[in-house]
Structure formats: C-alpha cells, structure tokens
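Notes follow once the structure below has been shown.
Chain letters run A, B, ... following the sequence lines, proteins first, then strands; residues in each count from 1. Bear in mind the structure is a predicted one, so any value in this text is a computation, not a measurement.
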Amino acid sequence: MTARAGTAIDRAFFDRPVLDVARDLVGCVVAHEGTAGVIVETEAYHHTEPACHAYVGLTARTSVLYGDPGTAYVYRSYGIHALLNAVCEPREVGAAVLIRALEPLDGIDLMRERRGLDRLTDLCSGPGKLTQALGIELAENATSLLDGPVRVLPREGPPPRLVAGPRIGITKAAELPWRFCAAGSRHVSKPWPSAFRDSLGQES
DNA sequence: CATGGGATTGACT
DNA sequence: GTCAATCCCATGC
C-alpha cells in the first residue's frame, strides 16, 4: 500500500545523540502490518537523567536500552498500555526516543477498528493510543526497527518546523525541554498553551 | 517472596 | 477537575 515499502533508515541514523534523533524522527513514518503514521511528537530519554528507565543501569529490563541503536524498546505502562521507543546511541549509552503521537497514514480503517473510535485525531494522539492503533505489543520489544516487524521509514520532503517543551507525565527531571512536536499539528497528545502558539506564529 | 511505582487513558463529578 | 484499571519489574526484606 505505502510507496515507502522498499526504503529504510540505516543504523547510523540512530547511532547519534538522542536529542538529535528525537528531532529528526519527527516527520518520519512508523509502519506495522499494513498500518502506518507520520511521527508528529517525540521525547528523548538518556541514562544520565532519572526519568529514563536506563538510569538504574543494566538490568533485565534495560538491556534493550543498552543494546543496538535502531532497536524497538516496548514496555508496559500502568499495566495497560504498550509504549514504543527507538533505542539510540552506542551500546554503552542507554538512550531512547519515545514515539508519542502519529498522524494516521495507512490502514486507517484498521486503526479505527482497533481503537473503537472514528475521529482521525483520536487514533494515534498519545503513546498508548498509537501502539493500540498499529497493533504493536510487548512481543515487538527488542526487534529491529530497520528490518523487523515494526519499521521506521525516512521522511520525504523538508524537515517540519519543531516546537520543543518539557516532557509529559513524568515527575523526575521534568524541567528538561526534551519533547519535540511538529509545529501546528492537530495530532499531538497534548496541545500547546495558547501563549506558546501565539508567540510561535502558528495558525489554529 | 512482597511491595510499590509508573514515559497513560477514558470515564466520571 | 478527579480517579481507577492493571501488569511489569526493580527493590528490599
């Protein structure tokens, strides 16, 4: 279905500082089993700050974060939701980008069926929503994003304009502005305060 | 082995 | 605005 089926991102893309990857992933595509969406929101996590799971060092859970860049780290949140991350940086650095929201692209009927909702902006506007819409579960943890069941594909066209701000839903290191959104997107998990929108000149 | 805390969401007051 | 659902896993006894 998608014209991008043959293309791929290489491992070097993820083997870079996690903040750079978080910014560059906005506009890329995530695809899984016939469903796909354009990334409109990401967050960066790094083992040197306490909000990151890798902060505790190498354990059974964090071994994926200390694994190969370009690997999927999928974990269960609040006992209910599966959250999708892309492992970044060299193996000795525990770091990942949380994919927080997508703009639906392919397989939208299937997404609606899985989510039990119709509105396009409700399908993938949150980290737990997008995994449900795409059918991504814990089974995809530790699989390759380059040639595994879940793929990250390069963006076409120019880089989108970004808005940065503090990460959502965390209590530790909450001040770091490590959340990145496509400016003006209606598909992000939480809208920006109007003062932000005004100062950035977004239409709305 | 028991416990507690989440990188959330949806339903409800 | 509040709050419960529900599971994985790190930690501590």
Within 45 degrees of the axis of the six-membered ring of A/Tyr73 and under 6.0 Å from its centre: does A/Arg61 put its NZ or CZ there?
no
Test A/Lys190 against A/Ile168 for side chain to side chain contact (heavy atoms under 4.5 Å, CB included), laying out the working first. CA-CA 9 Å; A/Lys190 287 199 173 99; A/Ile168 305 284; 3.3 Å; yes
Atom CD of A/Glu43 and atom C1' of B/dT8 are separated, to the nearest Å, by 12 Å
By nearest-heavy-atom nucleotide on DNA chain C, the more 5' of A/Ser77 and A/Thr62 is A/Ser77
Assign each of A/Lys172 and A/Ser125 the nucleotide of DNA chain B bearing its closest heavy atom; nearer the 5' end lies the nucleotide of A/Lys172
* NA contact type, A/Ile170, heavy-atom cut-off 4.0 Å: base, sugar-phosphate, or nothing? -> sugar-phosphate
To the nearest angstrom, the OH-C1' distance between A/Tyr78 and B/dT9 comes to 10 Å
Among C/dC7, C/dT11, B/dA7, the one nearest any side-chain atom of A/Tyr73 is B/dA7
note: A/Leu98, atom CG; B/dG6, atom P; distance rounded to Å ~ 16 Å
Rounded to whole Å, the NZ-P distance (A/Lys190 to B/dT8) equals 7 Å
Of the candidates B/dG10, C/dA5, C/dA10, the side chain of A/Leu117 sits closest to B/dG10
To the nearest angstrom, the CG-C1' distance between A/Leu130 and B/dT9 comes to 13 Å
Point to revise | Proximity of A/Tyr75 and A/His53 rings by center, below 6.0 Å | key: yes
request  = Would you mind reporting whether A/Arg11 and A/Asp68 have side-chain heavy atoms less than 4.5 Å apart?
outcome  = yes
inquiry  = Is it the case that the side chains of A/Arg100 and A/Ser189 hold a donor-acceptor pair, with the cut-off being a distance below 3.5 Å and no angle test?
reply    = yes
Does the structure show A/Tyr45 stacking with B/dA7, if we require the centres to be closer than 5.5 Å and the planes to be within less than 30 degrees of parallel? yes
Picking from B/dT8, C/dC8, C/dA5, the nucleotide nearest the side-chain atoms of A/Arg76 would be C/dC8
query = Hey, is the side chain of A/Thr59 poking within less than 4.0 Å of OP1 or OP2 on C/dA10, counting only N and O atoms?
reply = yes
Taking C/dA10, C/dT6, B/dG6 as options, the one with an atom nearest any side-chain atom of A/Arg61 is C/dA10
Fill in: Residue-phosphate contact under 4.0 Å: A/Arg115 side-chain N/O, B/dG10 OP1/OP2
yes
Closest of B/dA7, B/dG10, B/dT8 to the A/Lys129 side chain is B/dG10
Under a 3.5 Å limit on both distances, the Watson-Crick or wobble mate of C/dT6 is none
Rounded to whole Å, the CD-P distance (A/Glu49 to B/dA7) equals 11 Å
Checking N1-N3 plus N6-O4 or O6-N4 for Watson-Crick, or N1-O2 and O6-N3 for wobble, each under 3.5 Å, the partner of B/dC12 is C/dG1
A/Leu83 atom CG is separated from C/dC8 atom P, nearest whole Å, by 14 Å
In whole angstroms, the gap separating C1' of C/dT6 from CG of A/Leu138 amounts to 13 Å
### Query
Hey, does the side chain of A/Arg100 come within less than 4.0 Å of B/dT8's phosphate (OP1/OP2), counting only N and O?
yes
Walking DNA chain C from its 5' end, the first of A/Asn141 and A/His81 to be reached, judged by nearest nucleotide, is A/His81
Do we see a donor-acceptor contact under 3.5 Å between the side chains of A/Arg115 and A/Gln132? yes
Closest to the 5' end of DNA chain B, once A/Gln132 and A/Leu65 are matched to their nearest nucleotides, is A/Leu65
